[in-house]
Amino acid sequence: MTRPRSAARGLVVRDDELLAIQYRTDGEDWYVAPGGGQQRGESLAETVRREVYEETGYEVAVGSLAYVRDFVPSTHYEDRDDDGHQVDHFFWCERVGDESDDPTERDSVQVGVRWLPLDELGEVRFFPGPLGDRLRSGDSDEMGDARGAVYLGDVD
């Protein structure tokens with residue numbers, strides 16, 4: 001069994017829209033906040049900056065930790081083992097500028113970058129679902145004022 005993978009993701013909100021990565025597998029689209037695996041010797045904030053830029057072309061300033069999520073595949077999918085166990089750290093971020101460069105390293109199933117309206121997160125396949133629910137609710141206590149991170153648990 002492998003160790004859990006540590007990953008960091010950026011929550012970039014602009015005019016009530018969330019910056020999201022659009023993936024397509026088996027002809028179906030789904031969305032996540034930009035981010036990815038932490039490299040050895042890299043802080044979580046450095047991971048967020050690098051991954052957001054690689055996947056979206058936007059440079060960001062990394063703020064406070066907002067959410068932590070475990071993903072243990074076997075608890076959500078009968079045909080999966082736990083080798084894909086990942087711990088995601090979601091950070092509030094702000095764009096450094098209004099314009100983006102072209103993404104430098106797209107994931108293999110990434111088909112685009114979108115600004116998703118927060119109130120529409122329940123209408124698309126956004127992962128993890130409970131994070132989309134929290135962002136959609138717009139609770140001002142959780143929109144980047146650093147009152148404390150929320151542990152989402154093992155959710156899909």
Side-chain angles (χ1 to χ4, degrees), residues 1-25 28-73 76 80 82-118 120-121 124-136 142-156:
M1 182 179 266
T2 61
R3 293 180 184 196
R5 177 180 186 233
S6 177
R9 299 187 173 280
L11 297 174
V12 185
V13 178
R14 167 197 81 178
D15 299 326
D16 293 324
E17 294 179 320
L18 176 71
L19 182 63
I21 302 303
Q22 179 181 5
Y23 291 117
R24 184 170 297 135
T25 52
E28 197 165 350
D29 289 353
W30 49 284
Y31 301 87
V32 298
Q38 183 180 25
Q39 297 177 352
R40 183 174 296 281
E42 184 178 58
S43 73
L44 288 170
E46 290 169 334
T47 301
V48 172
R49 265 191 301 279
R50 175 180 55 77
E51 287 283 346
V52 170
Y53 184 77
E54 287 175 358
E55 294 178 352
T56 71
Y58 282 105
E59 290 187 33
V60 295
V62 180
S64 62
L65 179 65
Y67 301 96
V68 177
R69 170 221 39 180
D70 268 315
F71 177 68
V72 181
H76 303 284
R80 305 252 319 256
D82 292 334
D83 285 344
H85 184 181
Q86 180 164 303
V87 179
D88 284 312
H89 305 82
F90 292 85
F91 289 83
W92 296 113
C93 296
E94 291 190 14
R95 291 174 301 148
V96 172
D98 290 335
E99 301 298 319
S100 69
D101 295 330
D102 289 331
T104 61
E105 291 189 37
R106 289 179 179 249
D107 289 335
S108 61
V109 294
Q110 180 179 342
V111 296
V113 176
R114 290 211 26 219
W115 288 97
L116 293 176
L118 294 175
E120 294 178 16
L121 289 178
V124 297
R125 290 185 67 212
F126 180 81
F127 293 97
L131 175 60
D133 295 342
R134 287 179 170 274
L135 294 172
R136 194 172 67 247
E142 298 180 42
M143 294 298 286
D145 68 358
R147 289 190 185 197
V150 174
Y151 178 65
L152 295 174
D154 177 19
V155 296
D156 185 19

Do [X] and [Y] pair up side chain to side chain, a donor and an acceptor below 3.5 Å, judged on atom types alone?
{"X": "Y31", "Y": "R125", "answer": "no"}
{"X": "E42", "Y": "T47", "answer": "yes"}
{"X": "Y67", "Y": "D88", "answer": "no"}
{"X": "Q86", "Y": "R5", "answer": "yes"}
{"X": "Y23", "Y": "D29", "answer": "no"}

Heavy-atom check, side chain of [X] versus side chain of [Y], under 4.5 Å:
{"X": "V48", "Y": "E51", "value": "no"}
{"X": "V87", "Y": "R69", "value": "no"}
{"X": "L11", "Y": "F91", "value": "no"}
{"X": "P103", "Y": "T56", "value": "no"}
{"X": "H89", "Y": "L65", "value": "yes"}
{"X": "R106", "Y": "E54", "value": "no"}
{"X": "E55", "Y": "D107", "value": "yes"}
{"X": "F126", "Y": "W30", "value": "no"}

Of all the heavy-atom pairs spanning [X] and [Y], show the shortest one and how long it is.
{"X": "L44", "Y": "A7", "result": "CD2-O, 4.3 Å"}
{"X": "G10", "Y": "C93", "result": "CA-SG, 3.8 Å"}
{"X": "L116", "Y": "A20", "result": "CD1-CB, 3.7 Å"}
{"X": "L18", "Y": "L118", "result": "CB-CD2, 3.8 Å"}
{"X": "W92", "Y": "V13", "result": "CZ3-CG2, 4.3 Å"}
{"X": "F90", "Y": "P128", "result": "CZ-CD, 3.8 Å"}

Quick one: [atom1] on [X] to [atom2] on [Y], what's the gap to the nearest 0.5 Å?
{"X": "R3", "Y": "H85", "atom1": "CZ", "atom2": "NE2", "answer": "13.0 Å"}
{"X": "L131", "Y": "R134", "atom1": "CG", "atom2": "CZ", "answer": "8.5 Å"}
{"X": "R95", "Y": "S100", "atom1": "CZ", "atom2": "OG", "answer": "9.0 Å"}

Kindly determine whether R24 and V109 satisfy side chain to side chain contact (heavy atoms under 4.5 Å, CB included), including the steps that lead there. CA-CA 6 Å; R24 184 170 297 135; V109 294; over 6 Å; no
Should we count CD of E94 as having more than 12 external heavy atoms under 6.0 Å?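 At most 12 heavy atoms, drawn from other residues, nucleotides or ligands, come within 6.0 Å of this atom.
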Using the six-membered ring of W115, assess whether NZ or CZ of R14 lies under 6.0 Å from its centre and within 45 degrees of the ring axis.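 Pair R14/W115 counts as cation-pi.
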Donor-acceptor contact present, side-chain R9 to main-chain A33, <3.5 Å: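 At least one qualifying donor-acceptor pair exists.
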